[in-house]
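Values below: all heavy atoms of this structure, side chains included; hydrogens, waters and symmetry mates excluded. Letters A, B, ... mirror the listed sequences (proteins, then strands); counts begin at 1.
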Protein chains: 2
Amino acid sequence: MPSLDEKGYVFWLALARVQGLGCVGCKKLADHFGDPRRAFSASAGELAQVQGLDREAIEGLLAFSEWEEARRELERITEAGARIVPFIASDYPARLRMIADPPPFLYIKGDMRDEDTRAVAVVGSRSASDYGIRITRDLCRDLASLGFTVVSGMARGIDGEAHEAALSAGGRTLAVLGCGVDVVYPPEHEKLYRRICQNGAVLSELPMETPPFSYNFPARNRLISGITLGVVVVEATEKSGSLITAGLALEQGREVFAVPGEAGASRSRGTHRLIRQGAKLVETVQDVIEEIAPQLLARAGVGQKDTPVLLPPDVSVDAKKIFALVAERPLQIDEVIETSGLSPAKVSEILLDLEIRGFLKQLPGKRFMAGR
Amino acid sequence: MPSLDEKGYVFWLALARVQGLGCVGCKKLADHFGDPRRAFSASAGELAQVQGLDREAIEGLLAFSEWEEARRELERITEAGARIVPFIASDYPARLRMIADPPPFLYIKGDMRDEDTRAVAVVGSRSASDYGIRITRDLCRDLASLGFTVVSGMARGIDGEAHEAALSAGGRTLAVLGCGVDVVYPPEHEKLYRRICQNGAVLSELPMETPPFSYNFPARNRLISGITLGVVVVEATEKSGSLITAGLALEQGREVFAVPGEAGASRSRGTHRLIRQGAKLVETVQDVIEEIAPQLLARAGVGQKDTPVLLPPDVSVDAKKIFALVAERPLQIDEVIETSGLSPAKVSEILLDLEIRGFLKQLPGKRFMAGR
């Protein structure tokens, strides 16, 4: 066993190299031992007590010897200005932890923030149409200005445009790569890659220097849907990888959205199929917000003190005040006016705006409450 | 009471003029008396026995005196080369008879045929886009060549194009008007109107010479959906009358289909709303056929001897033979080949074609059966 690095990352890197372990085995070890260094010092008997760990994995752990490779990987990470975030770390994406096969750790270049839990994926064809590019720009700009982190795969076409639009709107964006976080692919996205690292992060579960092998892309796609509240597919041909992402999103219980196009347009055939299968048809960001608002509200715990936390940052102080009022109990507009001390015109305007954005709804008798 | 015209039509025309009766009252009388002349000769006591007929209607019937007007309406019908089809006549559209408020009779110019029960409505904006026009043409041409009668409202834009395309494909088409069947509106559709009368019919429930008052259009729309298996909305703005037709279609238990367009296109906003509300997204005629095939199969009584009746006329004799085989019981491809005496290549081709068109489906173990 090697000397310890500061945070024991080398044990995570070693874990990933253990024969027969895999994501699910790593998760079991993490659940059982917490710190993976304990897994490496455990006896065969102790390892046998880890529920569901099979013999091959136990033997792989006991026989493990590739410490030098793990150590070298750690050096590569440091040199690239990246780091890893282990499954058990507090900054590991909370939603990703809940999928069936979360990576034992993520390679990250850039930084992840608490607000990145409010993430929506926008993905689509590498060969996007002008229409697809335009819609991607509008959606991502609006998502970013509502305070959502835009997640995509940094590919050509829709993906690249999604990151660009989020960045241009001053928002945050995460790129989940199908290669190592130190590999810039496609090469023409080098500048974009650097901007993403500065205003978000690039993530991967693949070792440093891994080239963009297409067989890794489906696994990568489960991460895109895994870290987000929902996935918007802007354009997709019938055989598009975006449809895989959408399928995985459904399995993970994420919302799936699809942008329509003209009948007969090959790049909309995949999105139309998704819509027929139940994906929500998206014209504007409003359609996305409406669908995910209940999740945001549930997470924020409507009725508790901290509800305004779910409102986007562009919401005024007055709007936050009003939202906090109707989050406590349904109120009539007169009550809102009286309690808030704001003018009737202002209150009407704010209520309408919040209702349109899907943050509150009107009940019979002109009463307003938080939620859809 | 006037002298009798040949078929007693004047009594139907009279019925429509009775104060306080309305469609539902007429239907009650027709159900009770059959021939409406018996309603006019019935006593107050006999009329009181008609279930659900209210006092105003009874008084209206007893006091009725507008025989001259009814007689004059009959003359107008004859002069225009039109006729009426009463609710109780065998050529009254069967599906229309089943809606909540069927007209007591239809004015018809042209002729209705048995095959017009296989009808699909295609409707949309008066101000259609080039895209809308193109899709309408493709859909209606394909519907017509599959043997479906195309129903629409003869309005400018999508409606007119729907009739044109059906006629050009050598198919049948019905125009349901919001004015009298002798009124050509819009005037530029005069030639179209005449062609429809020759290869289908124009229908209305409104008296002869009734101008196209827009307040009559919603009622007209219930007839468009009423006589069809389903309604395809090609383009619709958010306030389009086509959305009313779609709503009525749903109430009547008809299928509702909507063609998508680009996000942000005002003429697709209505169709997108329909899709979000559950209308089936339509790209090609196949999407329509898939959805209505079960109804056609149910009507044809799959498993009985006459099942091939539901296949479109363009289907080959061989295809009809094969369909008849798999309609009796699910068969493996080898059994189909053996029983039909056709070549394996031919059988494969036909099975695939019928499957794609939604007339049969594959079961596990490569067995084929009629239906979806």
N/O donor-acceptor pairs between chain A and chain B, cut-off 3.5 Å:
unit_1    : atom_1 : unit_2    : atom_2 : d
Tyr131(A) : OH     : Ala263(B) : N      : 2.6
Ala263(A) : N      : Tyr131(B) : OH     : 2.6
His272(A) : ND1    : Glu283(B) : OE2    : 2.7
Arg276(A) : NH1    : Leu281(B) : O      : 3.1
Arg276(A) : NH1    : Asp287(B) : OD1    : 3.4
Arg276(A) : NH1    : Asp287(B) : OD2    : 3.3
Arg276(A) : NH2    : Glu283(B) : OE1    : 3.0
Leu281(A) : O      : Arg276(B) : NH1    : 3.1
Glu283(A) : OE1    : Arg276(B) : NH2    : 3.0
Glu283(A) : OE2    : His272(B) : ND1    : 2.7
Asp287(A) : OD1    : Arg276(B) : NH1    : 3.3
Asp287(A) : OD2    : Arg276(B) : NH1    : 3.3

- Message: I need the minimum non-hydrogen distance between Ile196(A) and Ala175(A), along with the two atoms involved.
- Response: CD1-CB, 4.0 Å
- Side chain, backbone, both or neither: which part of Leu281(A) has an atom under 4.5 Å from a heavy atom of chain B? both
- Is there side-chain contact between Phe359(A) and Val326(A), with at least one heavy-atom pair below 4.5 Å? no
- Closest contact, heavy atoms only, Cys140(A) versus Val150(A): SG-CG1, 3.9 Å
- Note on the structure: In short, Gly226(B) meets Ile99(B) closest at the heavy-atom pair CA-CG2, 4.0 Å
- Output the distance between atom CG (Leu146(B)) and atom CD1 (Ile289(B)), rounded to the nearest 0.5 Å. 5.0 Å
- Provide the closest heavy-atom pair for Val231(A) versus Ala249(A) in the form atom of the first, atom of the second, distance. CG2-CB, 3.8 Å
